[in-house]
2 protein chains.
Amino acid sequence: MTQSEENYLKGIYHLSHAGQQSVATNAIAEHMETKPSSVTDMLKRLAEKGLVDYQRYKGVSLTESGAQSALKVIRKHRLWEVFLVEKLDFSWDEVHEVAEQLEHIKSEQLIDRLDAHLDYPDFDPHGDPIPDKDGKFKAREKRLLSSLRPGDTGVCIGVKDSSSPFLRFLDKYGIALGSEISVTAKEEFDDSMAIRLGGQDLQISHQIASNLFVKPNR
Amino acid sequence: MTQSEENYLKGIYHLSHAGQQSVATNAIAEHMETKPSSVTDMLKRLAEKGLVDYQRYKGVSLTESGAQSALKVIRKHRLWEVFLVEKLDFSWDEVHEVAEQLEHIKSEQLIDRLDAHLDYPDFDPHGDPIPDKDGKFKAREKRLLSSLRPGDTGVCIGVKDSSSPFLRFLDKYGIALGSEISVTAKEEFDDSMAIRLGGQDLQISHQIASNLFVKPNR
DNA sequence: AAATAAATTTAGACAAAGCTAAAAATATGT
DNA sequence: ACATATTTTTAGCTTTGTCTAAATTTATTT
Ligand SMILES: [Mn+2]
Ligand SMILES: [Mn+2]
Ligand SMILES: [Mn+2]
Ligand SMILES: [Mn+2]
């Protein structure tokens with residue numbers, strides 16, 4: 001399995017919402033920042049290897065084997081992200097690029113020992129679940145902060161957008177995984193909301209609130 | 001710089017004894033387990049990029065820039081080996097293959113922080129020196145155990161052969177980096193020697209003694 | 001100094017992974 | 001239903017890195 005193949009499988013996995021739906025060629029091309037014709041070529045190779053079900057013009061979906069491979073890559077990516085943050089003091093907005101490379105290192109022993117070294121984490125620094133050796137992971141109840149209503153409270157458990165600018169914005173305002181958030185008001189007009197966290201009151205736009213996952217209390 | 005280019009530079013560096021001598025095409029091919037024609041192709045590409053001095057039929061040598069690049073890869077390889085042994089409890093015969101992959105990860109930040117995390121080690125698990133960011137490393141007085149004479153003593157500080165079978169042999173007989181070794185006798189006939197280490201007496205062949213580096217005591 | 005052997009390079013293929021431009025299939029609007 | 005737009009595929013070309021087989025250069029014998 002080449003790095004490129006692994007990247008395609010991972011991309012298809014995410015675009016298909018964990019292997020549920022089938023995915024369009026153009027969607028893959030956009031996600032991978034490549035051209036649709038290149039995607040078509042790769043889909044043929046992946047189909048040849050039994051990793052995807054592909055009929056031309058009909059979109060593509062992962063086979064069981066393809067999904068398992070994708071999950072292995074995702075497991076590695078997220079474990080490395082934990083390592084970078086926990087052991088090497090990277091901040092959560094600096095880890096993704098490096099993990100994109102590390103996820104392709106081939107060694108069962110390495111990833112098992114890394115997992116143990118990190119004390120078998122369940123979630124990565126962005127709150128995403130880490131699949132175990134068999135590709136299984138814990139699902140958590142999570143809702144977008146934007147779906148809460150005044151009076152509701154919750155704990156921040158993940159981000160939907162994990163781009164550096166967004167993560168740095170959160171750092172700046174002291175919003176981190178584990179933060180207790182209570183919604184004090186919501187503006188009908190632009191869906192912005194007033195929230196209270198750690199003693200301070202903040203006014204956040206809908207764009208922010210709709211990229212933060214919370215575990216609602218109750 | 002591609003992975004393959006990095007591997008060639010590293011190979012040439014080692015074959016040229018740290019950039020001293022020039023290296024033959026066939027020697028590179030054998031070392032890299034590839035064909036001489038493939039080597040010729042690559043040498044042209046490396047010469048094009050100013051990483052080697054190459055004239056056809058005349059062998060090849062690293063430029064200053066090529067040597068620096070090789071040293072960066074070697075630095076990464078050896079730091080990762082230390083990490084695997086110190087932090088993930090790999091044994092010294094298990095690290096090489098994985099380090100061969102990890103050495104190609106591109107991130108200054110990663111390798112600097114790894115270096116700090118490991119407390120700036122000077123030597124890798126096989127006793128080889130780790131170049132610093134500028135490619136400089138500490139040279140140590142080291143001699144082959146086979147060059148010592150009865151009555152001489154020394155500390156084991158490295159291995160010449162770092163293959164798994166040899167390293168496991170050393171483990172089996174309790175020979176490790178840091179071991180105090182004294183030569184009690186030497187057989188003229190086959191150059192085997194009797195040594196004493198950690199209370200026990202051992203008889204070792206010339207093949208063993210000529211693959212162990214020691215720092216002689218006076 | 002030839003003849004022979006060894007080392008090295010060239011020529012021509014191939015696979016992976018990408019691209020552009022053109023063709024074909026599918027979807028949409030009237 | 002038909003024209004148009006969108007999506008997807010095909011065809012053909014490029015680069016990297018490999019290979020085999022043949023040609024060439026250099027080294028070693030006789
Ligand atoms: Mn990531
Ligand atoms: Mn993540
Ligand atoms: Mn090594
Ligand atoms: Mn080593």
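Proteins come first, then strands; the chains are lettered A, B, ... in the order of their sequence lines, and each starts at number 1.
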Rounded to the Å, how far apart are B:Leu46 CG and D:dT18 P?
11 Å

Any side-chain N or O of B:Thr34 less than 4.0 Å from the OP1 or OP2 oxygen of D:dG17?
no

Looking only at the side chain of A:Tyr57 (C-beta and beyond, no hydrogens), which of the listed nucleotides D:dT18, C:dA24, C:dT20 gets closest?
C:dA24

Looking at B:Glu97 and A:Lys106, is there a salt bridge between them, counting it only when a charged N and a carboxylate O are closer than 4.0 Å?
no

From C-beta outward on B:Thr2, which listed nucleotide comes closest to its side chain: C:dC19, D:dT16, D:dC19?
D:dT16

Salt bridge or not between B:Asp115 and B:Lys133? Use side-chain N to carboxylate O under 4.0 Å.
no

Does a nitrogen or oxygen in the side chain of A:Arg56 sit under 4.0 Å from OP1 or OP2 of C:dT26?
no

CG of B:Leu43 versus P of C:dT8: gap in Å, rounded?
10 Å

A:Ala24 side chain: which of D:dT8, C:dT9, C:dC19 is closest?
D:dT8

Options C:dA16, D:dT9, D:dA21, nucleotide nearest the side-chain atoms of A:Arg45
C:dA16

Give a yes/no on whether any side-chain N or O of A:Asn26 is located under 4.0 angstrom from OP1 or OP2 of D:dT8.
yes

Ranking A:Tyr54 and B:Ser4 by the position along DNA chain D of their nearest nucleotide, the one closer to 5' is A:Tyr54

Would you confirm whether B:Glu5, through its side chain, and B:Thr2, through its main-chain N or O, come within 3.5 Å as a donor-acceptor pair?
yes

Decide, yes or no, whether a salt bridge links A:Glu100 with A:Lys10 under the criterion of side-chain N to carboxylate O below 4.0 Å.
yes

So, is A:Tyr8 near the phosphate of C:dG18, with a side-chain N or O under 4.0 Å from OP1 or OP2?
yes

Is there a donor on the side chain of A:Ser37 or the base of D:dT8 sitting less than 3.5 Å from an acceptor on the other?
no

Using a cut-off of less than 4.0 Å, is there contact between a side-chain N or O of A:Thr40 and OP1 or OP2 of D:dT10?
no

Determine: side-chain N/O of B:Ser38 to OP1/OP2 of D:dC19, distance under 4.0 Å, yes or no.
yes

Distance, rounded to the nearest Å, where B:Lys35 contributes NZ and C:dG12 contributes C1':
17 Å

Send over the distance from B:Lys44 NZ to D:dG17 C1', rounded to a whole Å.
13 Å

May I ask you to say whether A:Glu103 pairs ionically with A:Arg78, meaning some side-chain N is under 4.0 Å from a carboxylate O?
no

Rounded to whole angstrom units, what separation is found between the CD atom of B:Glu5 and the C1' atom of D:dT16?
9 Å

B:Lys49 NZ to D:dT15 P: how many Å, rounded?
13 Å

From CG of B:Asp41 across to C1' of C:dT8 the rounded distance in Å is 12 Å

What is the nucleic acid contact for A:Thr25, judged by heavy atoms within less than 4.0 Å: base, sugar-phosphate only, or nothing?
sugar-phosphate

Between C1' on D:dT7 and CD1 on A:Ile28, what's the gap in Å once rounded to a whole number?
13 Å

Does C:dT8 have OP1 or OP2 under 4.0 Å away from a side-chain N or O of B:Lys58?
no

Just checking, any donor-acceptor pair under 3.5 angstrom between side chains of A:Glu81 and A:His126?
yes

